[in-house]
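To start, the structure itself, in structure tokens.
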Amino acid sequence: MPESFFNKVYEVTRRIPRGRVTSYGAIAAFIGSPQAGRMVGWALNKSSSQTVFVPAHRVVNRNGLLTGKIHFPNYNTMKELLESEGIVIENDIIKDFELFFWQPE
DNA sequence: TTAGTGACTGTAG
DNA sequence: GCTACAGCCACTA
């Protein structure tokens, strides 16, 4: 299969270590289109139809806000997944987001 | 084929 | 500090 935009999104997202998070913009920038963060979210949305597991819950917006939660089965699914990895969520926002932030390399 | 849409972000007012 | 707008790329109707 060809190296498409969202194919790279899956690849990068799967590299996110357990208990760490990153932002849509960081992934988009790593791929080469810093302004195409929307596409990242869109790709992750379709990730549920992929055969491989993609930790989409580890990707949030630049403020650490769980904007993607609305695309999970339940509004608290994303929060619970992150908390189960040791990340503290406060009002749908990741506490100490900078400390948990993971930059693609 | 064209138009509309989206899990975002940076800049400008 | 908050609101508005413009780019971003791929998909669906």
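Every chain is numbered from 1 and lettered A, B, ... according to where its sequence line falls, protein lines coming before strand lines.
- Residue A/A28 is out of contact with every strand shown, counting any heavy-atom pair closer than 4.0 Å.
- Interatomic distance, OG1 of A/T22 versus CZ of A/R62, reported as 14.0 Å (0.5 Å rounding).
- Residue contacts shown for A/F5 are limited to sugar-phosphate atoms, with no base heavy atom under 4.0 Å away.
- Going from atom NE2 of A/H71 over to atom P of B/dT5 covers 15 Å, rounded to whole Å.
- In this structure, the side chains of A/L65 and A/V60 stay at 4.5 Å or more apart for every pair of heavy atoms.
- Between A/F53 and A/H57, the ring-plane angle classifies as tilted under the 30° and 60° cut-offs.
- Side-chain contact between A/D92 and A/Y75: absent, with no pair of heavy atoms (C-beta onward) separated by less than 4.5 Å.
- Rounded to a whole Å, the CD atom of A/Q50 is 15 Å from the P atom of C/dA10.
- Under the 4.5 Å side-chain heavy-atom criterion for Ile, Leu, Val, Met, Phe, Trp and Tyr, A/Y10 and A/W102 are members of the same hydrophobic cluster.
- For A/W42 and B/dG4, the CH2 to P distance is 19 Å, given to the nearest whole Å.
- Distance check: A/I16 CD1 to A/E85 CD gives 9.5 Å after rounding to the nearest 0.5 Å.
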Worked verdict on A/I94 versus A/F100 for side chain to side chain contact (heavy atoms under 4.5 Å, CB included): CA-CA 9 Å; A/I94 297 177; A/F100 292 111; 4.1 Å; yes
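- Atom CZ in A/R58 sits roughly 22 Å away from atom P in B/dA7 (whole-Å rounding).
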Short N/O separations, protein against nucleotides 10-13 of chain B, under 3.5 angstrom:
| residue | atom | partner | partner atom | Å |
| --- | --- | --- | --- | --- |
| B/dG10 | OP2 | A/R62 | NH1 | 3.4 |

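- Here B/dC8 presents its P atom at 8 Å from CZ of A/R38, a figure rounded to the nearest Å.
- Of the candidates B/dC8, B/dT9, C/dC11, B/dT9 carries the atom nearest the A/S23 side chain, counting heavy atoms from C-beta on.
- In this entry the distance linking CG of A/L65 with P of B/dC8 reads 9 Å, nearest Å.
- Positionally, the nearest nucleotide of DNA chain C for A/P34 lies more toward the 5' end than for the other of A/F6 and A/P34.
- At a threshold of 4.0 angstrom between heavy atoms, the contacts of A/N61 are confined to the sugar-phosphate backbone, with no base atom among them.
- Summarising the geometry, the separation between CD1 on A/I27 and C1' on C/dA10 is reported as 16 Å, rounded to the nearest angstrom.
- Dashed line: the shortest gap from a side-chain N or O of A/S33 to OP1 or OP2 of C/dC8 is not under 4.0 Å.
- Rounded to whole Å, the distance from CD1 on A/I16 to P on B/dA7 is 18 Å.
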